[in-house]
Every structure is written in structure tokens, then in C-alpha cells.
Amino acid sequence: STIPVIRMIIQQSNCFVVVERGRAMQNMMQERALMDSGELREGSSFGKGQMVAADYTINPSINFSQSNAGGIGGVLGAFGGRLGAVGAVVGGLKFKKAETMLTMIDNRSGVQIGVAQGNATKTDFGLGIGGGGSGGFGALGGYSNTPEGKALAAAFANAYNNLVIAMRDYRPQEVKGGLGKGGKIKVGN
């Protein structure tokens, strides 16, 4: 699920207050039921009218995510010589790409007030070294892997940053007669 990552990004930005409407909502409702049944201590304040309204909803979407979006590789070797040495260095890079979108909706009107796209590329690096001489053979290998999830998280962070910038410049649209009261665009005769 992308929801935990997006919640964390938004909460840490301190641009918006995040309200709970997920799994924890069940726990909140359970506490209110205990209050209504008289099971909570006197003076506990879980009464009505304390929950904060969610002014906006942010809908995430993943436009695409590629786990292998290209790469490069190379081999460097040395053979022969007086000591009979054989050696090679092998390396490669693989790229992961992700593109995401965040849409912001005003919950009171249902109007989409902002949309932003984000993208990210992550790189995996692989390295192998091998060598041998007249006395034996040795090898060393290492690999660092970047999961696709990190590319998606980075793309959502980029989309959120772009959304914050877009919302700074937001101005409500003005429609003669008011929004949702019948547009003037004709579809046919």
C-alpha cells in the first residue's frame, strides 16, 4: 500500500494536518462506544463533536513502475604475463524508474483543486572481481540492491513536493452563476 508512505511524507512536511480514517478509526469508535456504555472513567472526554473534519483528500496513483529500465555493464581483464596471472573486473548498473501522481480533492465541494506528477530513478550497482596466478585463484564479489519500493517512495515524495508548489499558486476558478449550476458548453443541438 502506498498510504503509509504518503501519510509519512505529508505529516513530516508539516504543511497539512493528517486525520485518521483508516484502521485506527475502529479503535477510536470502540473508545467512544465504551464511553457511551459508561465503562470509561468519569471525566474522560470522548463525547461528540471532537473529531476534526478532513478538508481534503489526496488520491495517489502509480502511472508506471519499471524494475529494469535499462543499464550498462563492462568487463576489464588482464591475461598472461611472466607470472601467469589472470584477472578480471566485471561491473554493471541497472536502473529502476517510477512515475506517480497525487490528486488533491476538496471534500466539501468534490472539486479537484490540485494535481502533481512525480518521478524517480534508482540505480543498482553490481561488482565482481576475480583473479588467478601460478599459485592459485581468488575471487571477490559484491552487490547492492535498491528495491522498486524505494523508487516509488522517491517518486511520491517528488509528486508531493510538486503538489505543495502547485497549491501555493492555486486560485479558485470563477464561473458566472457559480460552480455546478449548469455550464454554458453545448453538447449538441
Side-chain angles (χ1 to χ4, degrees), residues 1-29 31-32 46 48-73 91-127 143-187:
S1 173
T2 60
I3 302 302
V5 169
I6 294 168
R7 283 176 159 271
M8 182 185 69
I9 291 168
I10 294 170
Q11 184 71 46
Q12 289 180 349
S13 76
N14 208 26
C15 291
F16 297 98
V17 174
V18 179
V19 296
E20 177 58 52
R21 296 297 187 263
R23 284 186 276 170
M25 185 73 166
Q26 294 171 358
N27 295 339
M28 293 165 45
M29 298 312 291
E31 290 300 311
R32 283 165 173 68
F46 276 96
K48 292 185 180 281
Q50 296 184 38
M51 292 180 76
V52 174
D55 297 316
Y56 308 104
T57 297
I58 293 182
N59 288 332
S61 62
I62 299 169
N63 297 346
F64 72 84
S65 176
Q66 291 178 302
S67 62
N68 188 4
I72 58 173
L93 295 172
K94 287 194 316 184
F95 303 104
K96 299 176 186 321
K97 288 186 177 184
E99 185 178 290
T100 59
M101 188 166 54
L102 293 175
T103 306
M104 183 176 240
I105 294 100
D106 175 74
N107 287 340
R108 285 170 182 75
S109 65
V111 173
Q112 175 181 307
I113 59 172
V115 64
Q117 187 177 3
N119 55 61
T121 302
K122 291 290 181 184
T123 305
D124 288 344
F125 175 68
L127 176 67
Y143 187 72
S144 171
N145 191 10
T146 306
E148 291 82 2
K150 288 185 180 181
L152 282 172
F156 275 121
N158 181 241
Y160 180 70
N161 288 336
N162 293 338
L163 183 63
V164 168
I165 292 167
M167 294 311 300
R168 284 183 194 152
D169 297 330
Y170 174 74
R171 301 289 175 263
Q173 292 175 309
E174 298 292 329
V175 176
K176 187 175 181 179
L179 285 174
K181 295 184 178 180
K184 305 293 184 210
I185 299 173
K186 294 191 177 199
V187 179

Calculate, to the nearest 0.5 Å, the distance between atoms [atom1] and [atom2] belonging to [X] and [Y] respectively.
X: D106; Y: Q112; atom1: CG; atom2: CD; value: 11.5 Å
X: R21; Y: M51; atom1: CZ; atom2: CE; value: 4.5 Å
X: E99; Y: T121; atom1: CD; atom2: OG1; value: 10.0 Å
X: L102; Y: I9; atom1: CG; atom2: CD1; value: 8.0 Å

Looking at [X], I'd like to know if its [atom1] atom is crowded, meaning that more than 12 non-hydrogen atoms belonging to other residues, nucleotides or ligands lie closer than 6.0 Å.
X: Y56; atom1: OH; answer: no
X: Q26; atom1: CD; answer: no
X: M104; atom1: CE; answer: yes

Item checked: Residues that R23 engages under salt bridge (charged side-chain N to carboxylate O under 4.0 Å, His left out), provided they are two or more places apart -> none
Distance-minimising heavy-atom pair for [X] and [Y]:
X: A151; Y: A120; value: O-CB, 3.5 Å
X: A54; Y: N107; value: O-ND2, 2.7 Å
X: I62; Y: F156; value: CG1-CZ, 4.0 Å
X: A159; Y: A116; value: O-CB, 3.4 Å
X: R7; Y: V19; value: NH2-O, 3.4 Å
X: N158; Y: N119; value: OD1-N, 3.0 Å

Note to self: Apply side chain to side chain contact (heavy atoms under 4.5 Å, CB included) to residues L163 and I58 and explain how you reach the verdict.
What the structure shows: CA-CA 10 Å; L163 183 63; I58 293 182; 4.1 Å; yes
Margin query: Are I113 and P172 packed together at the side-chain level, in the sense that at least one heavy-atom pair is separated by less than 4.5 angstrom?
Written below: no
Margin query: Please check: side-chain N/O of N162 versus main-chain N/O of Q117, any donor-acceptor pairing under 3.5 Å?
Written below: yes
